[in-house]
Protein chains: 2
Amino acid sequence: MRKLKESRRPEILDAALQVVAERGLEAVSMRSVAQRIGLTPMALYGYFRSKEELLDAVLGRLLEEIQPPPPGCGWRSVLVHLSYEVRAVAQRHPSVLPLILTRPAVSPVVLRVNDLLYQALLAAGVPPAEIPRLERLLGTVVIGHVLSEVSGRFGAGTLDPAGRRAQPGAGELPGHEALAAELDRPVDWDAEFRANVDELLDLVERRSVAERRPLAEPRPLAEPRPLVERRT
Amino acid sequence: MRKLKESRRPEILDAALQVVAERGLEAVSMRSVAQRIGLTPMALYGYFRSKEELLDAVLGRLLEEIQPPPPGCGWRSVLVHLSYEVRAVAQRHPSVLPLILTRPAVSPVVLRVNDLLYQALLAAGVPPAEIPRLERLLGTVVIGHVLSEVSGRFGAGTLDPAGRRAQPGAGELPGHEALAAELDRPVDWDAEFRANVDELLDLVERRSVAERRPLAEPRPLAEPRPLVERRT
DNA sequence: GACTGACGGTATACACCGTAGACTCGTCGG
DNA sequence: CCGACGAGTCTACGGTGTATACCGTCAGTC
C-alpha cells in the first residue's frame, strides 16, 4: 500500500511549528515550511488548500495539547484546570497565539473543551440560560489575558510606567500620578492570572441557583443582581 | 511657508482606513494606500518609516475617535461609557480591530484612556494595590469581547450549534446536548456585552473599601447610552 | 507481462508585496 | 542667479501565495 496522503500532515504541521518557534509567525511561508521537510512549496497544497488552512491546522494541533482534567474533581477544579492548561499551551507557543483570535477556530477539539466547560457550569448549578454567556465570558478572559500577556498589550506599555508618565504634558495624567507607586511595582503575571480566574469563578458561583454551599468566606453583601433581560 | 510634511499624514491614514473598510485589512498595502491618493508607494515612506508604523498610526487614529465621558458623572458611568465607546469604535471599523492585540498599542491616546480608568477606579474606592489589575481585567474583557464578536470567535462556531452537535460521534458532547435549547437560541450581543460589563463593574464595586454606598441603593437597570454624539 | 489510473511531487509562471537607492523636479532663502 | 532642500518618482531586488501543467512511480487489473 502506498503511503497515505494524510500521513504527512502531522509532519508538515511540525515543520510549521518549528519555523514559527525559531523565526516567528510571519516567517511562516509555504516555501519555508516545505523546505524544512525537503519538499516543494506546491507539495503542501496536496494537504492544505491554502496557507490559511494550514495555519488553522497548526492552531488546532496546539489546542490538542491541552490536557483533560482529572476525572472526578469538582466543577471549580475543572474550570481552573482548563484555564491553566490554556495558558500553559500559550506559553509554550507564544508566537502562534495571535491566530486564536484572528481565526474562527472551529475545530473538534474546541468543541470538546467547550463541552467540558458546559458540563462544569451545569454541575455548578448555574441556570442553563446563563451558561452560554458565562462560558464565553470565561473564555474571553482567559484567552484575552494570555494573549495580552504574550503579544505585548501588557508589555512595554505597562512595564515602563515612569517613561510613560513623562511623555505627555506634566499633570495630564492624574490617575497615573496617584498610582505611581503601584504602577512602578513589577507584576507577577502568574498571580494576576490566578486572581482573575478566581474572581471569575466567584462570579460563576454567585450565579448558581440555590447557593448550594454558602460562600465559604464571608463575602460582604453580594446581592445577586437580577440579570439584564435578554430577548429576541 | 512650504507645506509641512506632516500635513499629509491624516490624508494617508484616511486612505488606509478606506482601503481597509472596502477590501479588508490584508488588502492594505503601500501600493493600494498610495494609489488612492494619487501617490507612489515610496512617497509614503516620507511619512511613515514602514508599513508597520503606518498601521500603528491607523490604530491610533481609531482610538482617537473614542469620546471622553461627560464631566461630572459617577465612576460607574465613566467606566460604562468608555466600554461602550470602545465597542462603538470597534463596530465602526471591524476589520482594523485585530491590530489592537497584534500591536503593542502604546500611544498617547491609550495613556489618556487608561488614566480615565484609573481615576474612575480610584473614585470607586478600590484600594490602589488592586487598581492596575482590575484595569487590565476590564480592558481585557472589553477588548476580548469586542474582538471575539468581530473576528468570528463568537461567530460561526457558536451560531450553528445544531451542526456542531452533529459533527463528532453522537453522545460525545453531553454538555452541548443538555444545553441544546439554550445554544439554539440566537444571541443578543448588545445585551451580552452590557451584562458582561455590568457584572465586571459589580466585581469592582465589591472590591471597593468602606462600601461607600451599600449597593442596595436602586441603580437604574439600563445605563442610558451616553448622550454625547460624535461628529467624526 | 503490459496497460491504466491515480497519486505524490515538481517546475514554471504570474501577480503582488515591502522597501532600498538613486533620481527628478519645484520652490525657497540668500 | 544659485545652491540647498524636500516632496515625490522610478527602478529594481528578493520575497510571497498559488494556478497550471507536467512527470515518475506505484496498485490493480486484464
Side-chain angles (χ1 to χ4, degrees), chain A residues 1-61 95-96 98-99 102-104 151-152, chain B residues 1-61 95-96 98-99 102-104 151-152:
Chain A
M1 182 72 175
R2 184 80 155 280
K3 184 168 49 181
L4 272 187
K5 204 175 187 181
E6 290 301 305
S7 68
R8 299 199 73 169
R9 280 180 62 118
E11 190 181 347
I12 297 175
L13 295 181
D14 283 347
L17 274 175
Q18 285 175 30
V19 171
V20 76
E22 292 173 11
R23 295 160 48 207
L25 187 58
E26 75 274 7
V28 174
S29 71
M30 302 306 264
R31 285 168 170 86
S32 62
V33 172
Q35 189 185 20
R36 187 165 290 257
I37 51 179
L39 283 186
T40 292
M42 289 312 292
L44 306 187
Y45 285 86
Y47 302 89
F48 304 95
R49 274 196 290 274
S50 66
K51 182 187 181 184
E52 207 176 30
E53 192 174 298
L54 188 153
L55 289 179
D56 282 354
V58 168
L59 181 59
R61 222 205 85 119
S95 320
V96 196
L99 291 178
T102 301
R103 308 289 316 140
S151 80
Chain B
M1 181 71 172
R2 180 90 69 85
K3 184 170 51 182
L4 274 187
K5 206 175 187 179
E6 291 299 307
S7 68
R8 299 201 71 168
R9 280 180 62 118
E11 189 180 350
I12 297 175
L13 295 182
D14 283 346
L17 274 175
Q18 285 174 30
V19 171
V20 75
E22 293 172 12
R23 294 161 47 206
L25 187 59
E26 74 272 10
V28 175
S29 72
M30 302 306 263
R31 285 170 170 86
S32 62
V33 172
Q35 190 185 19
R36 187 165 290 257
I37 51 178
L39 284 186
T40 292
M42 288 313 291
L44 306 187
Y45 285 85
Y47 303 89
F48 305 95
R49 273 195 291 274
S50 65
K51 181 187 182 183
E52 206 175 30
E53 193 174 298
L54 189 153
L55 288 179
D56 283 353
V58 167
L59 181 58
R61 222 206 84 120
S95 321
V96 196
L99 290 178
T102 301
R103 308 289 316 142
S151 80

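Just so we're on the same page: letters track the sequence lines, and every chain starts at 1. Note that the structure is predicted; figures quoted are calculated from it, not measured. Excluded from the calculations below are hydrogen atoms, water molecules and symmetry mates; all remaining heavy atoms, backbone and side chain alike, are included.
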Can you tell me the distance, in whole Å, between the [atom1] atom of [X] and the [atom2] atom of [N]?
{"X": "A/Leu39", "N": "C/dA11", "atom1": "CG", "atom2": "P", "value": "11 Å"}
{"X": "A/Glu53", "N": "D/dT18", "atom1": "CD", "atom2": "P", "value": "10 Å"}
{"X": "B/Ile37", "N": "D/dG8", "atom1": "CD1", "atom2": "P", "value": "9 Å"}
{"X": "A/Phe48", "N": "C/dG8", "atom1": "CZ", "atom2": "C1'", "value": "15 Å"}
{"X": "A/Gln35", "N": "C/dT10", "atom1": "CD", "atom2": "C1'", "value": "15 Å"}

Legend entry - A/Leu13 vs A/Phe48 side-chain heavy atoms within contact, under 4.5 Å: yes

Inset, instruction - Please examine the side chains of A/Val58 and A/Val96, heavy atoms only from C-beta on, and report whether any two atoms are closer than 4.5 Å. - result: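 Of all side-chain heavy-atom pairs linking A/Val58 with A/Val96, at least one is under 4.5 Å.
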
Inset, instruction - Taking only the side-chain heavy atoms of A/Tyr47 (C-beta and beyond), determine which of D/dG8, C/dA11, C/dG8 contains the nearest atom. - result: C/dG8

Legend entry - B/Asp14 and its salt bridge (charged side-chain N to carboxylate O under 4.0 Å, His left out) partner, picked from B/Arg61, B/Arg36, B/Arg9: B/Arg61

Legend entry - side-chain hydrogen bond (donor to acceptor under 3.5 Å, both in side chains) partners for B/Ser29, two or more places apart: B/Ser32

Legend entry - Neighbour count >12 (heavy atoms, 6.0 Å) for atom CD, A/Gln35: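 No, CD of A/Gln35 has 12 or fewer neighbouring heavy atoms, counting only those of other groups under 6.0 Å.
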
Legend entry - B/S/- contact track for nucleotides 15-23 of chain C, protein heavy atom under 4.0 Å: --BBBBB--

Legend entry - Nearest-0.5 Å distance that lies between atom CD in A/Glu53 and atom OH in A/Tyr47: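 Between A/Glu53 CD and A/Tyr47 OH, I get 14.0 Å after rounding to 0.5 Å.
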
